[in-house]
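Structure first, commentary second.
All values below come from the heavy atoms of this structure, side chains included, with hydrogens, waters and symmetry mates left out. We're numbering straight along the sequence, starting at 1.
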Amino acid sequence: MPPRPCSSPTRAATSSWPTTPSPSTPAYPRAEIVGRPWAGTLAIGDFEHGLRLHSEALTQPAEAPRRTLCLMRADGTPRPSVVETRSFTADGATGVVVLFHGTRRDEETLNVVTELRLRDADTALWTLDLRTGNLYELFGPSPLGQLLAGESNGLEEILARVHRDDIARLRDAVEASYQGRDFEQRFRMFDQVGDERWLYARARFAGDEPPRLIGIIDDLTEHVQLVRRLADRRRIEAAQGRQVTDLAAKLVSATTVDEVTSLLTEDFVPIFGGSNAGVMLVENGRLKPSPVREDDGGTMPMIEGRDAADTTYPMGAVISDRQPRFFESRAEVLERFPAAQDLLHRTNAQSWATVPIFGDKRVALGVWQVAWAQPHHATPDERALMLTLAGLAGQALQRVSRQQEELELADAIQQRMLPPQIPDFDELESAVRYLPSRAGARVCGDFYDVIKLPDRRVGLLVGDVQGHGVEAAAAMGQIRVAFRAYASNQADPGVVLAETNQLLSETGEIVFATCGYLVLDLDSGEMQAAWAGQPPAIIAGESGFEVWGPETGPPVGVEAEAKYPVTPRRLKSGETLLLCSDGLVESSAVPMDDGLERVGAALQPMAADVNGAATSLADLAPAGRGDDIVILLARMR
């Protein structure tokens, strides 16, 4: 915006247009103003206003037009003056008397204070002539005015650099000001160097002649950028918070030591901007990396097997005194731990954070180390978060350790309840697998048995006792023993199921089980099957597979007087029979019919090898399953 400076007062003086001499004024010596148009003594922006005052004095002699204009002194400094014009006639000639009224002291003080306040501020005072559309600064060129407008003073020139999304709204506001309304707008504008600026302009309508807007414009760019940075930071922090929460939940649900330590060495590292991380656990007083990486060419192989109490190294010191260590440079590490020099030769890292992993009673289970590829200062928030995550990891490691001990005990109990081995038959190949549950209590009630019977017959049994835990395992043991006892005296599998069912009902215990029991004649391959709610069997051969569902009665233990029909079928030479519990063919996501088709399709191409088929079917079992599984395969030679 071109300058329209005015600051200092001047005394009243007279002048005529164009050549009548006037007494000298404090603004100009007499010799400098005689013969000059009096309006030439005004600031450039007020020259036209001076001409208009002169014309109005001649055309409206009854009135004395006046307004505040800026008088430029001989030394180039401005003086604000109230200019009044009056016409006169003397000796047949008509002229104009111009009076310059000096401003008051309080106005002068206000002008000085305003100039000082605006000198280094991102603010400019401006006025818009609503007749000409010219825009000027009230107190001369300011840094903000030069940045925004330079030498331009036309409203249209300036509006041409307003952001296209704001131009219509800004034009509407300017048009409203022509109707005598005040102006207030926030908008974006591109400055002289092409940068986008956020501006806040306010102005009040002045109804004198000519009508003007007089206002102030503030540069809000830094404020807007600060707000944006804060908003971006909050979004980043919120995203990191969600990420930390999700990863912490994974720590809580981890089921193995490697799952826990992998979260620390991989998933948590990006939160802190680290380049890599490692975990060393204490086992029998020695350090052991976890998870183990065969291709690890860093420092972990050099630390593996070291005494966990060796305080000449950072990890040993952290484990010994349970205090974290934060190093911002390699020099800081060497200053405190000179023995670590060999380790530093094996890494390009520049900064480290080493924190202990605690268990109960602040027992150090290991240490977690995060490294950065450049010098890094860990903030108090980062340090607190690392210690929190290491504490959660310690709790998870202890939970996993206890679960592992419980699982090993559960497996031992389960195996004691199942047959130590199955009998061999020349005419029959058989294979069994027991897969314990991967969720919750692993002592479950699934069972199997292969029973050698008189007259070259064999009994094949698969069952599933309701519930989990020691009680289900105990009931499973009772049912299996009862089956063996009744099967040795009864040839009819339906009678065996009925007697077992009656026994369970008479004990008064609230327990029931699904069972599938069949008797196979080794000479003819004839089968007699009695079913108590057990999933259908699958029979696979070279040409395909078949889902065979014998007629079934209720689970044993439900109805004391229940009867179990017998369904016959022949198992041909080269065919393989599969009996399994429902955990293999059914889940919350897979209906039983779909599961049977999937298992049958997997069994058919490998049915000739019952041991290989049993292993492959075990691999089909879903990870993290909440039920145990038994598999029994039999193939006629």
| query | Is it the case that more than 12 heavy atoms not belonging to His223 sit under 6.0 Å from its NE2 atom? | reply | no
| task | Using the test salt bridge (charged side-chain N to carboxylate O under 4.0 Å, His left out), find all partners of Arg325 that sit at least two apart in sequence or belong to another chain. | result | Asp321
| Ser55 side-chain N/O to Leu51 backbone N/O, donor-acceptor pair under 3.5 Å | no
| query | With distance as the sole test, does Ser290 use its side chain to make a donor-acceptor pair with the main-chain N or O of Val279 at under 3.5 Å? | reply | no
| request: List in chain and number order the residues that pass salt bridge (charged side-chain N to carboxylate O under 4.0 Å, His left out) with Asp218, two or more places apart in sequence or in another chain; answer none if no residue qualifies. | output: Arg202
| note | Result for salt bridge (Lys or Arg N to Asp or Glu O under 4.0 Å) between Asp219 and one of Arg186, Arg188, Arg197 points to Arg197
| request: Could you tell me which residues satisfy salt bridge (charged side-chain N to carboxylate O under 4.0 Å, His left out) with Arg131, sequence neighbours excluded, listed by chain and number? | output: Glu209
| query | Which residues pass the side-chain hydrogen bond (donor to acceptor under 3.5 Å, both in side chains) test with Arg336, sequence neighbours left out? | reply | none
| query | With a cut-off of 6.0 Å (strictly less than), are more than 12 heavy atoms of other residues, nucleotides or ligands near CG of Asn348? | reply | no
| Partner residues of Val282 under the side chain to side chain contact (heavy atoms under 4.5 Å, CB included) criterion, sequence neighbours left out | Leu287, Ala308, Ile319
| Hey, is the main chain of Val174 close enough, under 3.5 Å, to the side chain of Ser177 for a donor-acceptor pair? | yes
| request: Hey, could you give me the CD/CH2 distance between Gln350 and Trp352, rounded to the nearest 0.5 Å? | output: 6.5 Å
| Pairs meeting criterion ring pair (Phe, Tyr, Trp, His ring centres under 6.0 Å) with involvement of residues 360-381, two or more places apart | Trp372-His376
| query | How many angstroms lie between atom CG of Leu135 and atom CZ of Arg212, to the nearest 0.5 angstrom? | reply | 12.0 Å
| request: Could you grab the distance from atom CG of Leu251 to atom CD of Glu259, nearest 0.5 Å is fine? | output: 10.0 Å
| Checking side-chain contact (heavy atoms from CB on, under 4.5 Å) for the pair Gln146/Gln192: CA distance, chi angles, key distance, verdict? | CA-CA 8 Å; Gln146 290 296 102; Gln192 294 284 69; over 6 Å; no
| field | For Arg322, all residues meeting salt bridge (charged side-chain N to carboxylate O under 4.0 Å, His left out), sequence neighbours excluded | value | none
| request: Identify the heavy atoms of Ala201 and Trp126 that sit nearest to each other, and give their distance. | output: CB-CZ2, 4.5 Å
| Side chain of Thr221, backbone of Trp198: donor and acceptor closer than 3.5 Å? | yes
| said: Using the rule given for side-chain contact (heavy atoms from CB on, under 4.5 Å), can you reason through Gln369 versus Thr354, listing the C-alpha separation, both sets of side-chain angles and the distance that settles it, and then say yes or no? | reply: CA-CA 4 Å; Gln369 186 173 80; Thr354 310; 2.9 Å; yes
| said: To the nearest 0.5 Å, what is the distance between CZ on Arg181 and CZ on Phe205? | reply: 12.0 Å
| message | Between Ser87 and Val96 (side chain of the first, backbone of the second, donor and acceptor by atom type, cut-off under 3.5 Å), is there such a pair? | response | no
| field | side-chain hydrogen bond (donor to acceptor under 3.5 Å, both in side chains) partners of Thr265, counting only residues at least two apart | value | Arg293
| message | Taking atom CD as the centre, does Glu222 end up with more than 12 heavy-atom neighbours from other residues, nucleotides or ligands that are less than 6.0 angstrom away? | response | no
| How long is the span from the CE atom in Met315 to the CD1 atom in Ile303, to the nearest 0.5 Å? | 4.5 Å
| request: Go through the steps for Tyr200 and Ile216 under the test side-chain contact (heavy atoms from CB on, under 4.5 Å), then give the verdict. | output: CA-CA 8 Å; Tyr200 177 37; Ile216 185 170; over 6 Å; no
| field | Pairing residues for Asn276 by the side-chain hydrogen bond (donor to acceptor under 3.5 Å, both in side chains) criterion, not counting sequence neighbours | value | none
| message | If I take atom CG from residue Leu226 and atom CG from residue Leu220, how far apart are they, to the nearest 0.5 angstrom? | response | 12.0 Å
| field | Donor-acceptor pair, side chain of Ser351 and main chain of Glu328, under 3.5 angstrom | value | yes
| Closest non-hydrogen atom pair, Ile217 against Leu148 | CD1-CD1, 4.2 Å
| field | Those residues that, when tested against Gln185, pass side chain to side chain contact (heavy atoms under 4.5 Å, CB included) (two or more places apart) | value | Arg169, Leu170, Ala173, Phe183, Phe187
| request: Measure from the side-chain N and O atoms of Asp310 to the backbone N and O of Gly316, and report whether any donor-acceptor pair falls under 3.5 Å. | output: no
| query | How would you list, by chain and number, every residue that makes a side chain to side chain contact (heavy atoms under 4.5 Å, CB included) with Asp246, sequence neighbours excluded? | reply | none
| Given the rule in the side-chain contact (heavy atoms from CB on, under 4.5 Å) test, do Leu53 and Glu56 qualify, once you have shown the distances and angles that lead to the verdict? | CA-CA 5 Å; Leu53 283 177; Glu56 290 173 354; 4.1 Å; yes
| task | Kindly write out the residues that satisfy side-chain hydrogen bond (donor to acceptor under 3.5 Å, both in side chains) with Glu156, not counting sequence neighbours, or none if the list is empty. | result | Arg171
